[in-house]
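Take a look at the structure below.
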Amino acid sequence: MHIKHLVQLALLPALVAAHPGHEEKLASRELLAYKTHLRRGLDNCARAFEENGLTARAIARRAEISDKYRKHRLSARDTDDVLSTSHLSNENYTLSTSESEIFSASSTCVLNPEGEVGPFWVSGELIRTDTLETQPGVPVVLEYQFVDVSTCQPIEDLYADTWSCNSTGVYSGVQGNGNGDSSDDSILQETFLRGVGKTDEDGVVTFKTLFPGHYSGRTTHHHIIAHLNATLLSNNTLTGGSVPHIGQLFWDQDLIYTVEDTAPYNTNTVDITTNEADRVFSDETSGTTSDPVLNYVYLGDSLEDGLLGWVTVAVDLSAEYSPTYSYLWTSSGSEAVSGNGDDSVNGGGGMPEGSGAPTGVPTGGAGF
Ligand SMILES: *[C@@H]1O[C@H](CO)[C@@H](O)[C@H](O)[C@H]1NC(C)=O
Ligand SMILES: *[C@@H]1O[C@H](CO)[C@@H](O)[C@H](O)[C@H]1NC(C)=O
Ligand SMILES: *[C@@H]1O[C@H](CO)[C@@H](O)[C@H](O)[C@H]1NC(C)=O
Ligand SMILES: *[C@@H]1O[C@H](CO)[C@@H](O)[C@H](O)[C@H]1NC(C)=O
């Protein structure tokens with residue numbers, strides 16, 4: 001088996017409470033090796049898009065898909081390129097624009113898997129794509145598209161698990177110092193801005209969410225965990241399957257400043273950490289093809305009308321991660337759990353081998 005588990009520092013709830021803004025550090029040398037490996041896969045993918053074009057046209061559906069994906073940009077970007085690229089699209093998309101139109105845009109870039117779950121994942125979340133609830137701020141419609149890096153085809157029936165903080169930097173379902181009022185355990189009954197959604201035949205899942213605020217030490221970001229081959233239970237949660245991707249997605253810095261100037265974002269007195277200063281942003285963008293910044297358009301004349309954001313995520317399906325979690329969503333709310341390297345959604349991934357550094361990164365078996 002060419003599967004290793006990328007385990008993360010298993011944060012106990014007490015540790016989360018002590019260092020709410022602290023997220024785990026990956027072994028960057030291993031991560032870079034993995035990303036280089038994946039880069040070769042993306043290069044192959046780019047060639048495949050070109051080479052398959054003619055033959056694929058013989059079959060209508062394949063031709064359509066191939067045409068769509070060939071337009072994706074797979075060129076290498078480094079941190080400076082990503083930082084200096086505006087992800088504001090000049091297309092006139094609305095909520096009724098079709099997925100295929102949005103994802104055929106040349107500005108769509110491919111993100112490679114990277115692997116950092118952070119301490120705020122609540123495992124076992126409900127399947128739902130409208131996660132906004134009553135949170136005030138800039139509403140966002142987020143379209144995530146997942147493609148298989150070895151075949152360049154969309155991944156259908158993948159469950160994307162996503163979470164982010166509210167406009168004043170607080171996560172639902174997690175109690176701790178620095179995450180809102182740490183003495184208020186009613187937060188454990190909250191589910192805002194968390195949800196799990198299934199991809200369609202285009203590999204696309206669309207969430208209604210909020211432009212996140214910020215908290216100490218981190219730039220504005222969304223989290224994603226991808227579940228494959230998971231089974232939907234009658235109580236609308238997942239069991240089983242595997243996790244081939246863990247990642248974080250970002251927004252352009254100028255847009256962040258614009259949003260942060262509006263209420264209620266501007267009531268947050270915590271210092272802003274910029275993309276440039278953010279460790280995870282840097283890890284995800286250095287020396288790779290990765291551009292983990294969401295493309296976007298305004299959905300109206302002003303921010304209050306909301307934003308449409310989208311990104312294509314290339315996944316190495318042979319990778320298998322075992323994300324850690326400190327909280328589990330149960331029938332009585334979010335419950336703190338300790339020392340988990342395995343995850344109930346991921347059935348039997350194994351406990352972390354030690355409580356500090358990652359033990360490895362996945363190695364692909366797809367010959368790239
Ligand atoms: C978007 O709409 C504006 C105003 O109607 C138009 O000038 C512009 O060309 C459109 N952009 C695209 C990419 O169609
Ligand atoms: C963010 O969530 C916390 C916890 O529920 C809440 O106290 C706070 O008011 C929320 N922020 C806004 C702007 O509503
Ligand atoms: C798991 O999902 C992948 C991607 O959809 C699929 O190719 C594979 O056949 C599935 N495996 C099983 C055991 O169902
Ligand atoms: C859903 O059902 C599973 C399996 O019985 C259980 O482990 C889990 O706690 C349930 N989740 C909720 C939110 O009720």
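All ligand and atom numbering here is 1-based and tracks the order in the structure.
Against a heavy-atom cut-off of under 4.0 Å, Trp329 is close to the following atoms of ligand 4: 13 (C). Atoms of ligand 4 lying under 4.0 Å from any heavy atom of Ser331, numbered from 1 in the order shown and given with element: 12 (C), 13 (C), 14 (O). Heavy-atom proximity to Leu233, at under 4.0 Å, picks out these atoms of ligand 4: 2 (O), 3 (C), 4 (C). Close contacts between ligand 2 and Ser167 involve ligand atoms 13 (C) [criterion: under 4.0 Å to a heavy atom]. Against a heavy-atom cut-off of under 4.0 Å, Pro264 is close to the following atoms of ligand 2: 13 (C). Every atom of ligand 2 with a heavy atom of Ile187 under 4.0 Å away is listed here by number and element: 4 (C), 5 (O). The ligand atoms of ligand 2 that sit less than 4.0 angstrom from a heavy atom of Pro136 are 12 (C), 13 (C), 14 (O).
Here the protein heavy atom with the shortest distance to atom 4 (C) of ligand 3 is Leu228 CD2, 3.8 Å. Residue, atom and distance of the protein heavy atom nearest to atom 12 (C) of ligand 3 are Asn229 ND2, 3.3 Å. Nearest protein heavy-atom neighbour of atom 11 (N) of ligand 2: Thr168 OG1, 2.8 Å.
To the nearest 0.5 angstrom, Asn235 atom CG is 3.5 Å from Thr237 atom OG1.
Counting heavy atoms from C-beta on, the side chains of Glu133 and Thr191 come closer than 4.5 Å. Side-chain atoms of Thr85 and Val293, non-hydrogen and from C-beta on, never get closer than 4.5 Å to each other. Using a 4.5 Å cut-off on side-chain heavy atoms (C-beta onward), Thr131 and Arg194 make no contact. Using a 4.5 Å cut-off on side-chain heavy atoms (C-beta onward), Tyr144 and Val311 make contact.
The two residues Gly217 and Asp278 come nearest to each other via the heavy atoms O-OD1, 4.0 Å. When all heavy atoms are compared, the tightest approach of Val117 to Trp163 is O-CZ2, 3.4 Å. Leu238 approaches Ala230 most closely through the heavy-atom pair CD1-CB, 3.9 Å.
Aromatic rings of Phe120 and Tyr215 (six-membered ring for Trp) have centroids within the 6.0 Å cut-off, being under it.
Neither side chain, Asp185 nor Gln175, offers a donor N or O lying under 3.5 Å from an acceptor on the other.
Heavy-atom proximity to atom 6 (C) of ligand 4, evaluated over Thr330, Asn235, Leu126, Thr239, is greatest for Asn235.
When distances from atom 2 (O) of ligand 4 to the protein are checked, a heavy atom turns up under 4.0 Å. The protein reaches atom 14 (O) of ligand 4 closely, with a heavy atom under 4.0 angstrom from it. Put simply, atom 9 (O) of ligand 2 has no protein non-hydrogen atoms near it, under 4.0 Å away.
The shortest N/O to N/O separation between Glu190 and ligand 2 does not fall below 3.5 Å.
Contact analysis leaves Gly180 out of contact with ligand 2, as no non-hydrogen atom separation drops below 4.0 angstrom.
Thr209 places no side-chain N or O within donor-acceptor distance of the main-chain N or O of Leu193, the cut-off being under 3.5 Å.
Counting heavy atoms under 4.0 Å from ligand 2, residue Ser172 does not touch it at all.
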